[in-house]
Amino acid sequence: MAKILAVLYPDPVGGYPPDYARDEIPAIAGYPGGQTTPTPHTIDFTPGQLLGCVSGELGLRRFLEDRGDTYVVTSDKEAPDSTLDRELPDADVVISQPFWPAYLTPERIASAPRLRLAITAGIGSDHVDLPSAIAHGMTVAEVTYSNSISVSEHAVMQILTLVHNYMPAHDWVTAKKGWNIADSVSRAYDLEGMDVGVLGSGRIGQAVLRRLAPFDVTLHYSDMHRLPKEVEEELRLTWHPDARSLASSVDVLSIHTPLHPQTQNLFDEDLIGSMKRGSYIVNTARALIVDRDAVVRALNSGQLAGYAGDVWYPQPPPPDHPWRTMPYEAMTPHVSGSTLSAQARYAAGTREILECWFDGRPIRPEYLIVDGGGLAGTGARSYTVAG
Ligand code: NAD
């Protein structure tokens, strides 16, 4: 029997379960392009429940305990001698979410001789040291597409939030009890007519482009895999061969690539400095794709008019992380991919991956990042490993 270790974010401060705002969520059967939503044999939760926190347990306890497996769920992952570190040495499977990542470092992987499967309940497996996972003979899988639309909606929201100067206007009327129209609008613009670009036109990037097209903007993108000509024509896209060409051509740039050696620290002082003065960056991909301090400097100097996103490093960030206090931001904690709608899909997808694993059936190729001794599936298409 297997030991499955899940590292999930803590329960709400008000206790579990929360009072839900709605009684149901829409049923989504498939994704753009024809991929189906997860297909486990069954689920033991009600879609719309809070599943991603410790008490939510991704809805997996009954399934795993009926099989005779051991299921350990914790949020304790950082302190020396954390529950993660104590439970890891005899774990067969680790489940983690990018919102509260169990950083599977080379040292942690080396401490876990039985570890064969790391599942990302969500999308983005950079919290796993992929070269070590490959060397260890592990499979790394994620629930591709489960929260791509959630994130694309969040990115569009953050673009509009920055350009329209929503956060300061909200503060004037609530926290500051004022009615300061001039203060609120002196940094407010329309998105209409602007040049807007995405770096990475995969599942999320393309969904962002599709959602922005009706705003009468000029759309740009860069990706090492160019989109089909019909899509470029339909959305009137300008393709750029690299991030520099894209960055210098747009007013708003939204980042949608995975974090891997080619993208780590890509938006450094130099690349941000090559953008038009007053550009906006939205980053719902991964924090380490941008230089943390270069972003702060660019906001203070006016090179950037705004920065928004929901990805930080590390997660959770320390209280003195400079993005908590920098100007012209519209930051959220890492929530865009963990709406209740998304949780239902990634919990079901996690169960689908576990069912395949236990039954010896192949995991869908689109769910695979590492398998068979190298990058596989989506991992082979969207990631690189150093060396
Ligand atoms: P995807 O694999 O469908 O698309 C990624 C795209 O990035 C691919 O088209 C790939 O070719 C492109 N790419 C990779 N490296 C590149 C490079 N150096 N230059 C240009 N393009 C490059 O993935 P997706 O589902 O669209 O997700 C993208 C990323 O978003 C994830 O890897 C994850 O890090 C992040 N994400 C964040 C959240 C969240 O909650 N904030 C949720 C889901 C995913």
Side-chain angles (χ1 to χ4, degrees), residues 4-10 25 28 31 35 37-38 40 43 45 47-54 56-60 73-75 77 84 93-104 117-128 130 133 139-155 200 202-205 207-208 255-260 283-289 309-316 332-354 363-364 366-370 377-379 382-383:
I4 293 90
L5 173 58
V7 179
L8 305 179
Y9 46 79
I25 59 172
I28 307 288
Y31 304 116
Q35 184 184 317
T37 47
I43 52 171
F45 60 83
Q49 284 179 333
L50 178 59
L51 301 165
C53 66
V54 169
E57 300 184 319
L58 294 172
L60 293 171
V73 181
T74 183
S75 62
K77 69 185 184 82
L84 166 60
V93 179
V94 169
I95 303 171
S96 177
Q97 301 170 107
F99 325 104
W100 189 262
Y103 294 110
L104 289 182
L117 175 63
I119 303 176
T120 303
I123 301 173
S125 296
D126 52 278
H127 59 279
V128 181
L130 298 182
T139 294
V140 179
E142 59 186 43
V143 191
T144 307
Y145 240 139
S146 59
N147 56 17
S148 302
I149 301 304
S150 327
V151 177
S152 71
E153 291 184 4
H154 195 98
R203 294 168 181 86
I204 300 173
V208 169
I255 303 173
H256 300 293
T257 62
L259 173 64
H260 62 114
N283 179 10
T284 54
R286 286 294 180 264
L288 291 180
I289 296 173
D310 71 339
V311 284
W312 303 65
Y313 187 82
Q315 289 187 178
T332 46
H334 193 164
V335 292
S336 66
S338 197
T339 58
L340 295 174
S341 321
Q343 288 175 46
R345 292 188 291 269
Y346 70 65
T350 301
R351 175 147 178 181
E352 178 189 328
I353 292 169
L354 286 168
I363 295 168
R364 301 185 197 200
E366 64 263 31
Y367 286 176
L368 293 174
I369 302 300
V370 163
T378 293
S382 294
Y383 285 74

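Only a predicted model underlies this, so the values are computations on that prediction, with no experimental measurement involved.
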Got a donor-acceptor contact below 3.5 angstrom from the S146 side chain to the V143 backbone? yes
Just jot down the side chain to side chain contact (heavy atoms under 4.5 Å, CB included) partners of A285, sequence neighbours excluded, or say none. I255, N283, I289
Please identify each residue that fulfils side chain to side chain contact (heavy atoms under 4.5 Å, CB included) with S75, with sequence neighbours left out. P10, V54, W100
Treating E57 as the side-chain partner and V73 as the backbone partner, does any N or O pair qualify as donor plus acceptor under 3.5 Å? no
Does T120 reach the main-chain N or O of I123 with its side chain, forming a donor-acceptor pair under 3.5 Å? no
Specify the closest pair of heavy atoms between R345 and P38, including all atoms of both residues, with the distance to one decimal. O-CG, 3.2 Å
List for me each residue that meets side chain to side chain contact (heavy atoms under 4.5 Å, CB included) alongside A102, sequence neighbours excluded, and say none if there are none. V7, L84, S96
Non-neighbouring partners of H154 that pass side chain to side chain donor-acceptor pair (under 3.5 Å), sequence neighbours left out: Q158, T332
What I want to check is whether the side chains of T284 and S336 have a donor and an acceptor closer together than 3.5 Å. no
What is the minimum heavy-atom distance between L8 and C53, and which atoms define it? CD1-O, 3.5 Å
What's the spacing between T139 OG1 and Y367 OH if we round to 0.5 Å? 15.5 Å
Between Y383 and T378, is there a side-chain donor-acceptor contact under 3.5 Å, judged purely by atom types and distance? no
Looking at P98, is its backbone amide N or carbonyl O close enough to the side chain of Q315 to form a donor-acceptor pair, meaning the two atoms are under 3.5 Å apart? yes
List for me each residue that meets salt bridge (Lys or Arg N to Asp or Glu O under 4.0 Å) alongside R351, sequence neighbours excluded, and say none if there are none. D44, E355
In Å and rounded to the nearest 0.5 Å, what is the CD1 to OG distance from I204 to S152? 7.5 Å
Using atom types as modelled and distance alone, determine if a side-chain donor or acceptor of D310 lies under 3.5 Å from a backbone N or O of V335. yes
Looking at every heavy atom in both T350 and I95, which two are closest together, and how far apart are they? CG2-CD1, 3.9 Å
So, taking the atom named CD1 in I4 and the one named CG in L117, what distance separates them when rounded to the nearest 0.5 Å? 9.0 Å
Scan side-chain atoms only and decide if E142 and Y346 contain a donor-acceptor pair under the 3.5 Å cut-off. no
Suppose we screen for side chain to side chain donor-acceptor pair (under 3.5 Å). Which residues come up paired with H260, at least two apart in sequence or across chains? T384
Please report the interatomic distance CD(Q49) to CD1(I43), rounded to the nearest 0.5 Å. 9.0 Å
What's the spacing between Y145 OH and R364 CZ if we round to 0.5 Å? 12.5 Å
